[in-house]
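Read through the structure below, which is laid out as structure tokens, and then see the notes.
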Amino acid sequence: MTMISIHSLAPGELDAHAEALAGIMAQTVNDGAAIGFIHPFSEADALAFFTGQVFPEVRAGRRKLLTAKRDGETVGTVQLITALPPNQPHRCEVAKMMVSPKARRQGIGRALMQALDVEARAAGKTLITLDTRTGDKAEPLYRAAGFRTAGVIPGFALNPDGAALHATTYMYKNL
């Protein structure tokens with residue numbers, strides 16, 4: 001039986017997970033995920049992103065970093081940005097939702113989203129927002145997790161191959 005476990009990484013655990021997280025990000029971006037990066041994208045690029053941008057935010061308490069393991073192997077991750085401007089103490093943002101291409105359609109994304117709800121509530125948040133490439137494979141997952149569409153911005157960002165612009169859908173969920 002496949003076991004999926006979700007874990008919110010503590011600051012002292014980050015470095016031990018860096019390589020696995022970088023591997024998932026490189027796989028995801030190279031598979032076409034629109035999460036802010038352009039091809040070519042290497043594991044070294046991903047490692048630099050996590051160690052230079054994400055880990056300092058987690059250590060400062062401004063971001064939660066969750067990992068998903070399937071049978072002991074790290075196969076997914078998502079971030080919850082909890083530190084927003086002073087006029088938005090009730091809100092948090094989902095960032096960089098990733099499931100390794102080899103582990104998709106197995107409930108891992110759903111488990112990560114459920115764990116995010118728990119983290120958001122524990123942080124006293126009542127509104128979660130996110131943005132996703134319009135029509136992306138993850139959009140139905142977000143809808144199933146209770147997110148509603150707030151609007152669509154056309155021509156928002158480049159696709160990972162850099163060839164064309166795509167629209168972005170903004171979504172929200174009240175807790």
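Below, all heavy atoms of this structure are taken into account, side chains as well, without hydrogens, waters or symmetry copies. Just so we're clear, the structure is a prediction, and the values are computed from it rather than from any experiment.
Heavy atoms of other residues, nucleotides or ligands lying less than 6.0 angstrom from NZ of Lys173 number more than 12. Counting non-hydrogen atoms of neighbouring residues, nucleotides and ligands closer than 6.0 angstrom, the CZ atom of Arg59 exceeds 12 such neighbours. Taking a 6.0 Å sphere around CD of Gln88, one finds it holds more than 12 heavy atoms contributed by other residues, nucleotides or ligands.
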Give the intermediate values and the outcome of side-chain hydrogen bond (donor to acceptor under 3.5 Å, both in side chains) for residues Thr129 and Arg91.
CA-CA 8 Å; Thr129 61; Arg91 187 173 76 83; 2.7 Å; yes
With side-chain contact (heavy atoms from CB on, under 4.5 Å) as the criterion, how do His7 and Lys69 come out once you've worked through the C-alpha distance, each side chain's angles and the decisive distance to 0.1 Å?
CA-CA 8 Å; His7 181 66; Lys69 290 192 175 199; over 6 Å; no
May I have the step-by-step check of side-chain contact (heavy atoms from CB on, under 4.5 Å) for Phe55 and Leu21, ending in yes or no?
CA-CA 11 Å; Phe55 291 178; Leu21 292 168; 4.1 Å; yes
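Remark: Arg143 engages Glu139 in a salt bridge, criterion side-chain N to carboxylate O under 4.0 Å. Using a 4.0 Å cut-off between a side-chain N of Lys or Arg and a carboxylate O of Asp or Glu, Lys102 and Asp31 do not qualify as a salt bridge.
One finds the SG atom of Cys92 at 7.5 Å from the CG atom of Leu84 (value rounded to the nearest 0.5 Å). Note that the OG1 atom of Thr169 and the CD1 atom of Ile153 stand 9.5 Å from one another [nearest 0.5 Å]. Rounded to the nearest 0.5 angstrom, Asp131 CG and Met171 CE are separated by 10.5 Å. The CG atom of Asn174 sits 8.5 Å away from atom NE2 of His90, with the distance rounded to the nearest 0.5 Å. Between Tyr142 atom OH and Met113 atom CE the span is 6.0 Å, to the nearest 0.5 Å. From Glu57, atom CD reaches atom NZ of Lys64 across 13.0 Å, with rounding to the nearest 0.5 Å.
Between the Thr82 side chain and the Arg62 main chain, a donor and an acceptor come within less than 3.5 Å of each other. In terms of modelled atom types and a separation under 3.5 Å, the side chain of Asn30 and the main chain of Ala26 share a donor-acceptor contact.
Met97 and Phe147 fall within the same hydrophobic cluster, where Ile, Leu, Val, Met, Phe, Trp and Tyr residues are linked whenever their side-chain heavy atoms come under 4.5 Å apart, directly or through other members. Both Ile4 and Leu141 are members of a single hydrophobic cluster when ILVMFWY side chains are connected at heavy-atom separations under 4.5 Å. Leu80 and Leu14 fall into different hydrophobic clusters, where Ile, Leu, Val, Met, Phe, Trp and Tyr residues are linked whenever their side-chain heavy atoms come under 4.5 Å apart, directly or through other members. Hydrophobic clustering (side-chain heavy atoms under 4.5 Å, transitive across Ile, Leu, Val, Met, Phe, Trp, Tyr) groups Val29 together with Leu65. Both Phe37 and Val54 belong to a common hydrophobic cluster when Ile, Leu, Val, Met, Phe, Trp and Tyr are linked at side-chain heavy-atom distances under 4.5 angstrom.
Of the candidates Arg63, Lys96, Glu93, Arg63 is the only one forming a side-chain hydrogen bond (donor to acceptor under 3.5 Å, both in side chains) with Gln79. Between Val78 and the choices Leu112, Leu130, Ile6, Thr67, the side-chain contact (heavy atoms from CB on, under 4.5 Å) rule is met once, by Leu112.
Residues Val99 and Thr28 fail the side-chain proximity criterion, which asks for heavy atoms closer than 4.5 Å. Looking at heavy atoms from C-beta onward, Ile128 lies in side-chain contact with Asp117 at the 4.5 angstrom threshold. Considering only heavy atoms from C-beta on, Met25 comes within 4.5 Å of Phe41 through its side chain. Under the 4.5 Å side-chain criterion, counting only non-hydrogen atoms from C-beta, Leu175 is not in contact with Leu127.
For Glu13 against Ser8, the heavy-atom pair with the smallest separation is OE1-O, 3.9 Å. Minimum interatomic distance between Pro160 and Gly32 (heavy atoms only, all atoms of both residues): CG-O, 3.4 Å. The minimum heavy-atom distance between Gly23 and Glu43, with the atom names listed, is CA-CD, 3.8 Å. Nearest heavy atom pair, residue Ile108 against residue Ala103, reads CD1-O, 3.3 Å. In terms of heavy-atom proximity, Leu66 sits nearest to Leu116 at CD2-N, 4.1 Å. Minimum interatomic distance between Leu47 and Ala18 (heavy atoms only, all atoms of both residues): CD1-CB, 3.6 Å.
Side chains of Asp45 and Ser42: a donor-acceptor N/O pair is present below 3.5 angstrom, by distance only. Side-chain contact check for Asn159 and His166: at least one donor-acceptor pair (N or O, by modelled atom type) lies under 3.5 Å.
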